[in-house]
Amino acid sequence: MEGIEVDSGDKAIIILQSLICYLREKNVLSRADIEELKDRVDARISAAQHSMPCDVATAAAASREMASLEQFCGKRYGGKHRKSH
């Protein structure tokens with residue numbers, strides 16, 4: 001494994017995905033919490049177009065990544081969805 005170049009962003013994503021899964025496994029995060037986090041990431045897309053300093057393409061990629069992680073956690077750990085208002 002030594003000598004392999006890995007983008008620091010890729011390392012950060014792996015660490016964050018592992019952390020979210022670990023917190024869900026320990027019931028620190030609920031499925032509803034993960035859904036809310038996904039919605040917040042999604043909100044960055046429209047905000048990025050108007051005022052946020054992040055790149056819109058990067059925000060969209062993060063949104064897709066979060067949706068994938070939400071599906072994975074939902075299938076693996078189950079739990080209740082958040083309540084609709």
For the [atom1] atom of [X] and the [atom2] atom of [Y], what is their distance to the nearest 0.5 Å?
| X | Y | atom1 | atom2 | result |
| --- | --- | --- | --- | --- |
| Lys38 | Ile20 | NZ | CD1 | 13.0 Å |
| Tyr77 | Glu25 | OH | CD | 4.5 Å |
| Arg31 | Glu70 | CZ | CD | 7.0 Å |
| Leu29 | Glu35 | CG | CD | 12.0 Å |

So, the side chain of Asp33 versus the backbone of Ser30: is there a donor-acceptor pair under 3.5 Å, distance only?
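Checked: pair present.
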
Say whether, by atom type as modelled, one donor and one acceptor occur between the side chain of Ser18 and the main chain of Ile14 under 3.5 angstrom.
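Present.
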
In the single-linkage hydrophobic clustering (I, L, V, M, F, W, Y; side-chain heavy atoms under 4.5 Å), do Val28 and Ile34 co-cluster?
yes

Only counting residues at least two apart or in another chain, list the ones meeting side chain to side chain contact (heavy atoms under 4.5 Å, CB included) with [X].
| X | result |
| --- | --- |
| Lys75 | none |
| Leu19 | Leu23 |
| Ile13 | Gln17, Glu65 |

Smallest separation among heavy atoms of Cys21 and Leu69, with atom names:
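Closest approach of Cys21 to Leu69: SG-CD1, 3.8 Å.
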
Checking Arg40 now: which residues fulfil salt bridge (charged side-chain N to carboxylate O under 4.0 Å, His left out) with it, not counting sequence neighbours?
Glu36

